[in-house]
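Here the structure is laid out as structure tokens; the discussion comes afterwards.
This structure is a prediction, so every number in the text was calculated from the model and none was measured. One-based numbering, in listed order, for ligands and for the atoms of each.
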Amino acid sequence: MAKAKGINVLVLMGSDSDFPVMKAALETLDGFGVSYDVDVASAHRSPERVQRLIRAAEKRGVRVLIAGAGMAAHLAGVIASHTTLPVIGVPINASPLQGFDAVLSTLQMPPGVPVATMAVGKAGARNAAVLAVQMLALSNAPLARKLKTFRKKMAADVAEKSKALKKKL
Ligand code: RP5
């Protein structure tokens with residue numbers, strides 16, 4: 001449901017090199033049928049573009065923002081400084097510090113300007129989308145039902161994997 005007119009989630013990434021990881025967020029949003037838009041904007045290389053995109057997102061009625069970035073990952077925090085919409089940050093492993101730099105840069109926000117910081121990498125990108133869906137589901141009963149089904153399927157998959165593993169032993 002990308003590029004739909006009324007979009008619920010804006011997914012920003014600091015570089016196109018973050019896409020292989022952030023793709024997991026888009027796939028997850030697709031799975032829930034949640035509309036989103038995607039853009040590349042860098043807190044350091046194109047700070048004015050970040051500000052412009054956030055202003056436009058607010059005008060378009062976007063409800064949740066997801067930001068993925070690596071290295072000194074200030075994108076989520078800078079976005080949070082420009083809006084009171086909820087911001088979810090995904091630290092990306094893009095340096096010799098293997099994402100630890102991005103975790104701290106995304107996570108350690110000063111009091112008053114929160115960023116909901118996810119795990120590093122694809123798991124974090126996926127969880128960012130699930131958390132965004134959970135936020136939207138607060139005022140959307142069909143979406144809340146989809147989340148319940150999603151959880152049930154995860155539990156069933158674990159049981160299935162356990163069965164398959166036992167068969168092999
Ligand atoms: C960050 O720097 C981006 O989010 C990316 O993770 C990292 C490297 O960017 P590129 O040099 O690959 O464009 O701002």
Side-chain angles (χ1 to χ4, degrees), residues 1-137 147 150 154:
M1 229 193 250
K3 299 281 175 191
K5 237 187 180 180
I7 62 159
N8 281 306
V9 181
L10 176 62
V11 181
L12 288 181
M13 52 201 93
S15 168
D16 60 344
S17 65
D18 298 323
F19 182 71
V21 171
M22 293 309 290
K23 200 168 163 259
L26 310 186
E27 288 166 354
T28 305
L29 291 171
D30 279 332
F32 282 96
V34 166
S35 58
Y36 61 83
D37 205 352
V38 188
D39 262 296
V40 175
S42 163
H44 305 114
R45 294 167 174 159
S46 64
E48 282 159 16
R49 177 175 168 76
V50 174
Q51 193 173 0
R52 220 170 38 241
L53 286 170
I54 300 312
R55 292 247 161 89
E58 285 186 331
K59 281 195 187 136
R60 294 168 76 189
V62 167
R63 300 179 68 199
V64 186
L65 297 147
I66 295 176
M71 304 191 77
H74 296 128
L75 181 60
V78 167
I79 291 172
S81 76
H82 288 300
T83 184
T84 53
L85 290 170
V87 180
I88 306 172
V90 182
I92 289 177
N93 173 1
S95 81
L97 299 186
Q98 295 179 332
F100 191 54
D101 41 2
V103 170
L104 294 181
S105 309
T106 306
L107 179 71
Q108 287 294 89
M109 290 297 291
V113 190
V115 166
T117 303
M118 303 292 103
V120 176
K122 277 188 184 169
R126 187 162 159 74
N127 273 350
V130 175
L131 183 57
V133 173
Q134 289 179 188
M135 290 171 179
L136 296 169
L147 277 167
F150 172 75
M154 268 198 305

Contacts of Glu58 meeting side-chain contact (heavy atoms from CB on, under 4.5 Å) (sequence neighbours excluded), chain-then-number -> Thr83, Leu85
Output every pair passing ring pair (Phe, Tyr, Trp, His ring centres under 6.0 Å) with a member in residues 60-95, not counting sequence neighbours, ordered by first then second residue.
His44-His74
Could you tell me the separation between the CG atom of Asn93 and the CE atom of Met71, rounded to the nearest 0.5 Å?
11.0 Å
Give a table of atom pairs where an N or O of ligand 1 lies under 3.5 Å from a protein N or O.
unit_1	atom_1	unit_2	atom_2	d
ligand 1	4 (O)	Asp18	OD2	2.6
ligand 1	4 (O)	Gly70	N	3.1
ligand 1	6 (O)	Asp18	OD1	2.6
ligand 1	6 (O)	Gly70	N	3.0
ligand 1	11 (O)	Arg45	NH2	3.0
ligand 1	12 (O)	Ser17	OG	2.7
ligand 1	13 (O)	Ser15	OG	2.7
ligand 1	13 (O)	Arg45	NH1	2.8

Would you call Arg49 and Asp39 a side-chain contact if the rule is heavy atoms closer than 4.5 Å?
yes
Would you tabulate the side-chain donor-acceptor contacts of residues 102-121 under 3.5 Å, counting partners in other chains and residues two or more places apart, or write 'none'?
unit_1	atom_1	unit_2	atom_2	d
Ser105	OG	Ala73	N	3.4
Ser105	OG	Asp101	O	2.7
Thr106	OG1	Ala102	O	2.7
Thr117	OG1	Thr106	O	3.4
Thr117	OG1	Val115	O	3.3

Indicate yes or no: does Arg52 engage Glu48 in a salt bridge with an N to O separation below 4.0 Å.
no
